[in-house]
Amino acid sequence: MTSIVLSLDYFDREKIARFEFPVLVVFATVGMMIMVSANDLLTLYIGLELQSLSLYVVAAIRRDDPKSTEAD
């Protein structure tokens, strides 16, 4: 939750209007919680995929920035 609040100032400063960012951070957090509470390998894998897919999109959220294109 803190990262979402702190990122609002960054997005305003960089003039990036992305409503997907808080949703993706929540999905990544849910994936982490699923991984922690997993009792079998399939649940662990689902949590890992939910987390990793969300974080891939967050890493590449600035398509025009060269650092984001390296993250792809």
Taking a hydrophobic cluster as the set of Ile, Leu, Val, Met, Phe, Trp and Tyr residues connected by side-chain heavy atoms closer than 4.5 Å, whether directly or through intermediates, do [X] and [Y] fall within one such cluster?
X     : Y     : value
Ile34 : Tyr45 : no
Leu41 : Leu48 : yes
Phe21 : Val57 : yes

Measuring from atom [atom1] of [X] to atom [atom2] of [Y], what distance do you get when rounded to the nearest 0.5 angstrom?
X     : Y     : atom1 : atom2 : answer
Leu24 : Phe19 : CG    : CZ    : 9.5 Å
Leu50 : Met33 : CG    : CE    : 10.0 Å
Gln51 : Ile46 : CD    : CD1   : 14.0 Å

### Query
What pairs of residues pass the side chain to side chain donor-acceptor pair (under 3.5 Å) test when at least one of them lies in residues 31-41, not counting sequence neighbours?
Asp40-Thr43
### Task
Please report the closest heavy-atom contact between Leu44 and Ala38, naming both atoms and the distance.
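Reported closest heavy-atom pair: N-CB, 3.6 Å.
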